Protein chains: 2
Amino acid sequence: MFKQFGIGAPSEFFTQPPSVGVSIARSGQLDELVALEQLGSRRSFARDAEIYAEGDRADCWFKIVSGTVRICKLMADGRRHIAEFFHAGDCFGLDGEGERTFAAEAVGDVIVMRFNRAATERLIDERPVLARCMCNMMLRNLAHAQTRLLLLGRMTAPERVASFLLELAERRDVRRVLEVPMSRNDIADYLGLTIETVCRVLSAMKRDGTIAIPNPHRIEICDRDALEATVEM
Amino acid sequence: MFKQFGIGAPSEFFTQPPSVGVSIARSGQLDELVALEQLGSRRSFARDAEIYAEGDRADCWFKIVSGTVRICKLMADGRRHIAEFFHAGDCFGLDGEGERTFAAEAVGDVIVMRFNRAATERLIDERPVLARCMCNMMLRNLAHAQTRLLLLGRMTAPERVASFLLELAERRDVRRVLEVPMSRNDIADYLGLTIETVCRVLSAMKRDGTIAIPNPHRIEICDRDALEATVEM
DNA sequence: CGCAAGCCTTGATCCAGGTCAACGGAATGC
DNA sequence: GCATTCCGTTGACCTGGATCAAGGCTTGCG
């Protein structure tokens, strides 16, 4: 019955970065979540396609079925900034009521469920438990944003890269072999660095045996302790 | 009837940075908000006092009656990071369920209302409109955090300082004369710079007539266009 | 297969902002 | 009133990461 929507059992509908723990939707909410799933429509996007643009009306939100999405912004002079990556199972696009302040783009090929904002709000008003789910989800997003503020505000390049690798590992719940769907450029714009610096730091980590890089989109953590020691706060 | 709680009419109970606009609590919610006010107790803190520490249980949250609060973290090697400043009328401390990941400290003398988390949640379950208020408040916090990510990730020192001054002006809803309650050190740790860089940028702006600095805690915006042109995105 | 277009990587050089150091001026205490 | 402490400001110098430049490695396509 739920299979039709691909991954994610309904009890994990609002699942987000496992990093912050605590599955939100708890027993007793199945009805609501099923109703919510039925409001969505499936969409797919090719690599680098725009899911929504800066300035679009924020009248819908998405849940990722498969693939990775970047939430980003291009400054007038060409500098680019990536606010967040979202992976399979994550929800994104739940912004304020007005216009999008960031764009959402497909990192590789992506399949999402698209939900109408108004319909969702109606459902939430009927079933208040859902409001709690949303609050919790946003709390986790906020906690993550604050971790990133620390990273961008006070960490060195090696700390940022180490932190990024550990985050990837945690999100995918993998201890050793990381699949890295995004380009070096994406990583740089996410970490507030340049592509060259990202490469150099990765090469240095490879040189001293902390990681292995069988190919650019696959990184293996060989010495997790060393990585963790790098970020040590 | 509401005067006893100092500033903030009940219809603005959850008021937050005006930057993102839209007052959340709308008519028809007065009862709930009054009930909420009565759950709180008044506390005051002297300059630099810790309102809560990193690692404390997050069993309460606060609304600022007067003064300014910084949400911050000290790294093992002494680097400090300020995630956010909150001003009179703002709510803070609404984190996840577990431990505080940041500390909250009084920038100057501060008076707050303290609210019990469990009691608030009970109230929210009874009066679901409040859940929407909270969601909206967190959405605005999140939007603000993302603006800050861009600032820390991709902006130069002059851009950061200009952006900070404009934010101060907007929050206080003042166009020219800014009261700056925090120290240069606080500003530096908020903008991901050093105190010397903050001073130098401010001095440069003063030199070319963009701002005036009658004393360190008062800055006047003389040429708003120049400031806005600096941050231009 | 050969060629072109994208990435990724590495090296050489540069510079924005960090670090170190000195000093001034207001607030606090004796 | 004087000493002390705490900020804020300014100057001199240094460095981490940016910028510029040159290949290398895939992938796809004629």
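In what follows, chains carry the letters A, B, and so on, assigned in the order in which the sequence lines appear, proteins first and then strands, with residues in each chain numbered from 1. Everything quoted here is computed from the prediction, not taken from an experiment.
- We find that A/E97 and B/R140 are not joined by a salt bridge, their nearest charged nitrogen and carboxylate oxygen being 4.0 Å or further apart.
- Counting to the nearest Å, the P atom of C/dT9 and the CD1 atom of A/I195 are 8 Å from each other.
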Quiz: residues 195-206 of chain A side-chain donor-acceptor pairs under 3.5 angstrom, not counting sequence neighbours:
{"residue": "A/T197", "atom": "OG1", "partner": "A/T194", "partner atom": "OG1", "Å": "3.1"}
{"residue": "A/S203", "atom": "OG", "partner": "A/C199", "partner atom": "O", "Å": "2.9"}

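- At a threshold of 4.5 Å between non-hydrogen side-chain atoms, the residues B/P181 and B/H217 do not count as touching.
- Using the six-membered ring where Trp is involved, B/F86 and B/F92 have ring planes that are parallel, under 30° apart on the 30 and 60° scheme.
- Listed by residue number, B/T197, B/R200 are the residues of residues 197-215 of chain B with a heavy-atom contact under 4.0 Å to DNA chain C.
- OP1 and OP2 of C/dC7 both lie 4.0 Å or more from every side-chain N or O belonging to A/H217.
- Residue pairs meeting the salt bridge (charged side-chain N to carboxylate O under 4.0 Å, His left out) criterion with at least one partner in residues 222-233 of chain A, sequence neighbours excluded, are A/R224-A/E228.
- For the pair A/E196 and A/R160, both in contact range of DNA chain D, the more 5′-proximal nearest nucleotide belongs to A/R160.
- Near-neighbour residues of DNA chain D inside residues 177-185 of chain B, defined by a heavy atom below 4.0 Å, number-ordered: B/S183, B/R184, B/N185.
- With 3.5 Å as the limit, one finds a donor-acceptor pair spanning the side chains of A/E167 and A/Y190.
- Between the side chain of A/Q146 and the main chain of A/A143, no donor-acceptor pair closer than 3.5 Å is present.
- Listed by first then second residue, pairs satisfying salt bridge (charged side-chain N to carboxylate O under 4.0 Å, His left out) with a partner in residues 176-186 of chain A read A/R70-A/D186, A/R80-A/D186, A/R172-A/E179, A/R176-A/E220, not counting sequence neighbours.
- For the pair A/I71 and A/A104, the tightest heavy-atom approach, listed with the atom from each and the gap, is CD1-CB, 3.9 Å.
- In this model, a donor atom of one side chain and an acceptor atom of the other lie less than 3.5 Å apart for A/T210 and A/D208.
- Along DNA chain D, read 5' to 3', the first and last nucleotides having any atom under 4.0 Å from a heavy atom of chain A are D/dG17 to D/dC20.
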